[in-house]
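The structure appears below as structure tokens.
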Amino acid sequence: MTVNPATTSVPHWSPTPALDPGGARRLVLAAGAAGEFALGPDGSVPEAAFATAVTGDRFVLIGNAAEIARARAELLAAGAIPAEITEVLAGAPDPHAAQPRTVYCPHCHTGSTGAVAIGATLPCANCGLELVVYHRYSQRLGAFLGYCADAEERP
């Protein structure tokens, strides 16, 4: 599948982003780190980050694409705005390359995580359908859209 990256919703997280100079303080949430501000194994934001956050805080998320996506979605759901969040991608700099990412299954409404490239397939962990990872990304869900790979052949 040939897709123009400029016309997709695929996030373009940089391994070296420019940090926002403003803000009251920065809360660095890193995957694989220890301490109260470490991202959970699935990229979940620890309760301590929400409990101590105040207006004007900036969040710096460090991890792979799936971890950043999950944490970003949680922060947005909690009331953060995109300008308050900086993402630092640890891993593949090409946003279309194989890397850990969450894929949303529209058939059973769940997410499956796996190291997969856009355009490749991933089995849904819930319903078992083989999903093609589409180049549409939901910031609210923190997931890429998947669609049934063999939908035309199914009865």
Side-chain angles (χ1 to χ4, degrees), residues 1-15 17 27-51 53 58-155:
M1 166 186 339
T2 303
V3 176
N4 180 355
T7 61
T8 71
S9 59
V10 174
H12 293 278
W13 296 319
S14 171
L27 298 175
V28 178
L29 303 166
E36 64 179 330
F37 294 117
L39 290 176
D42 59 353
S44 58
V45 177
E47 285 299 318
F50 294 120
R58 301 296 189 259
F59 300 93
V60 180
L61 305 176
I62 303 171
N64 65 41
E67 294 160 337
I68 288 175
R70 164 89 188 261
R72 188 172 197 283
E74 284 188 25
L75 290 171
L76 292 173
I81 60 173
E84 296 172 331
I85 304 170
T86 301
E87 301 90 356
V88 181
L89 182 64
D94 177 6
H96 289 71
Q99 57 188 297
R101 62 180 86 232
T102 302
V103 180
Y104 176 76
C105 177
H107 306 281
C108 66
H109 309 286
T110 61
S112 300
T113 302
V116 63
I118 294 176
T121 61
L122 176 76
C124 176
N126 187 52
C127 69
L129 283 177
E130 196 69 22
L131 300 172
V132 175
V133 181
Y134 197 55
H135 58 271
R136 290 290 176 223
Y137 176 78
S138 168
Q139 291 185 25
R140 182 180 63 81
L141 298 173
F144 285 82
L145 175 63
Y147 65 87
C148 184
D150 61 350
E152 291 81 20
E153 289 84 38
R154 291 184 164 269

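Below, all heavy atoms of this structure are taken into account, side chains as well, without hydrogens, waters or symmetry copies. Predicted model only: the values in this text are computed from it and were never measured.
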Pairing residues for Thr121 by the side chain to side chain donor-acceptor pair (under 3.5 Å) criterion, not counting sequence neighbours:
Glu130
Can you name the residues that form a side chain to side chain donor-acceptor pair (under 3.5 Å) with Ser112, not counting sequence neighbours?
none
Using every non-hydrogen atom in the two residues, find where [X] and [Y] come nearest and quote the distance to one decimal.
| X | Y | result |
| --- | --- | --- |
| Leu75 | Phe50 | CD2-CE2, 3.9 Å |
| Ala73 | Gly142 | CB-N, 3.9 Å |
| Thr102 | Gly111 | CG2-CA, 4.2 Å |
| Leu39 | Gly43 | CD2-O, 3.8 Å |
| Leu89 | Ala65 | CD1-N, 3.6 Å |
| Cys105 | Leu131 | CB-CD1, 3.6 Å |

Going from [atom1] on [X] to [atom2] on [Y], what distance comes out if it is rounded to the nearest 0.5 angstrom?
| X | Y | atom1 | atom2 | result |
| --- | --- | --- | --- | --- |
| Arg136 | Ile118 | CZ | CD1 | 10.5 Å |
| Asn64 | Gln99 | CG | CD | 7.5 Å |
| Leu129 | Leu122 | CG | CG | 11.5 Å |

Within a strict 4.5 Å, meaning less than it, do heavy atoms of the [X] and [Y] side chains meet?
| X | Y | result |
| --- | --- | --- |
| Leu145 | Pro106 | yes |
| Arg58 | Thr86 | no |
| Ile85 | Leu76 | yes |
| Cys124 | Val103 | no |

Do the rings of Tyr104 and His109 sit parallel, tilted or perpendicular, given the 30° and 60° boundaries?
tilted
Listed partners of Arg70 passing salt bridge (charged side-chain N to carboxylate O under 4.0 Å, His left out), at least two apart
Asp42, Glu74
Can you check whether Val116's main-chain N or O pairs, donor with acceptor, with Arg101's side chain at less than 3.5 Å?
yes
